[in-house]
Amino acid sequence: MKILILQGPNLNLLGLKSKDAGTTLTLDKLNKKIRHISVKNDTEIKIFQTHKQFQAINFLQRNRTKYNALLIIPTSWARYDWTIAETVSLINLPTAVIFFDSPYNFGTSINKSIFSGKNIKSFNGQPVDACAEGLAYLMKSA
């Protein structure tokens, strides 16, 4: 099993939201937890975080045939970025879309997301839990 992980705008600032909440979760710590889950489940992952739409689209298009599934944490892309949503739909990989609960929420919720389709399932929760749930779903479905 090989899973692409695309992390959207401002996730590199997860530590600021965490600090405001009185915790110490950073993007690096979240990625370490994701890597731990993938190693434990004999799953190869490729993680990419960007703020730039064209880099996200290039990442998806270049890796679409080399991976079995996609986990995306779209932040604001989930509400406004139709080009990325279209690309996710076109590459047609089983996809888990991750949203964070408060205090880690980046302003877009599941019910306002433009990411939808037959291969797309959304997950919501605390960052580590939501990512773990999305990974488990992908490992079973892909």
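FYI, side chains are in, hydrogens and waters are out, and symmetry mates aren't considered; it's all heavy atoms of this structure. Just so it is clear, the structure is predicted and the values come from calculations on it, not from any experiment.
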Intermediate values then yes/no, side chain to side chain contact (heavy atoms under 4.5 Å, CB included), Arg64 and Asn92: CA-CA 9 Å; Arg64 73 184 188 277; Asn92 202 31; over 6 Å; no

Reported NZ-to-CG distance for the pair Lys46 and Leu6, which is rounded to 0.5 angstrom: 11.5 Å

For Ser109 and Asn111, does a side-chain donor sit closer than 3.5 Å to a side-chain acceptor? yes

Tell me whether Leu4 shares a hydrophobic cluster with Val88, the cluster being built from Ile, Leu, Val, Met, Phe, Trp, Tyr side chains joined at under 4.5 Å. yes

Non-hydrogen atoms of Ala132 and Ile37 that approach each other most closely: CB-CD1, 3.6 Å

Nearest heavy-atom neighbours spanning Pro74 and Pro9: O-CD, 3.7 Å

When you look at NZ of Lys2, are more than 12 heavy atoms from neighbouring residues, nucleotides or ligands closer to it than 6.0 Å? yes

Treat each ILVMFWY residue as a node, draw an edge where side-chain heavy atoms are under 4.5 Å apart, and state whether Leu90 and Leu70 are in one component. no

Determine, step by step, whether Phe100 and Gln126 satisfy the side chain to side chain contact (heavy atoms under 4.5 Å, CB included) criterion, reporting the C-alpha distance in whole Å, the side-chain angles of both residues, the deciding distance to 0.1 Å, and the verdict. CA-CA 5 Å; Phe100 298 156; Gln126 294 299 298; over 6 Å; no

Residue pair Phe115 / Ser122, side-chain heavy-atom distance below 4.5 Å: no

Atom CD1 of Ile98 and atom SG of Cys131: how far apart are they, to the nearest 0.5 Å? 5.0 Å

Quick one: CD on Gln49 to CD on Gln55, what's the gap to the nearest 0.5 Å? 9.5 Å

Determine, using the 4.5 Å side-chain heavy-atom cutoff (strictly less than), whether Val97 and Ile47 are members of one ILVMFWY cluster. no

Run the side chain to side chain contact (heavy atoms under 4.5 Å, CB included) check on Lys29 and Leu14 step by step: do they pass? CA-CA 10 Å; Lys29 287 180 181 178; Leu14 183 61; over 6 Å; no

Can you pull out every ring-ring contact (aromatic ring centres under 6.0 Å, His included) where at least one residue sits in residues 31-64? Sequence neighbours excluded, please. Phe48-Phe59

Run the side chain to side chain contact (heavy atoms under 4.5 Å, CB included) test on Ile3 and Tyr67 for me, step by step, so that the C-alpha distance in whole Å, both residues' side-chain angles and the decisive distance to 0.1 Å come before the verdict. CA-CA 6 Å; Ile3 299 175; Tyr67 287 80; 5.5 Å; no

Please round to the nearest 0.5 Å and tell me the distance separating atom NZ of Lys33 and atom CG of Leu135. 13.5 Å

Between Gln7 and Asn31, a side-chain donor and acceptor under 3.5 Å: yes

d(Glu44 CD, Arg35 CZ) to nearest 0.5 Å is 12.5 Å

When hydrophobic residues are tied together by side-chain contacts of less than 4.5 Å, even through go-betweens, does Leu71 share a cluster with Leu60? no

Are the side chain of Lys17 and the backbone N or O of Asn105 linked by a donor-acceptor pair below 3.5 Å? yes

Can you tell me how far CG of Asn119 sits from CD1 of Ile91, rounded to the nearest 0.5 angstrom? 10.0 Å

Using the ring-ring contact (aromatic ring centres under 6.0 Å, His included) criterion, which residues pair with Phe123? Sequence neighbours excluded. Tyr137

Pair listing, side-chain hydrogen bond (donor to acceptor under 3.5 Å, both in side chains) test, anchored in residues 69-89, at least two apart: Gln53-Asp81

When you measure from the side chain of Asp129 to the backbone N and O of Gly125, does any donor-acceptor pair fall under 3.5 Å? no

Check the hydrophobic clustering (I, L, V, M, F, W, Y; side-chain heavy atoms under 4.5 Å; chains of links allowed) and say if Ile45 and Leu11 are grouped together. yes

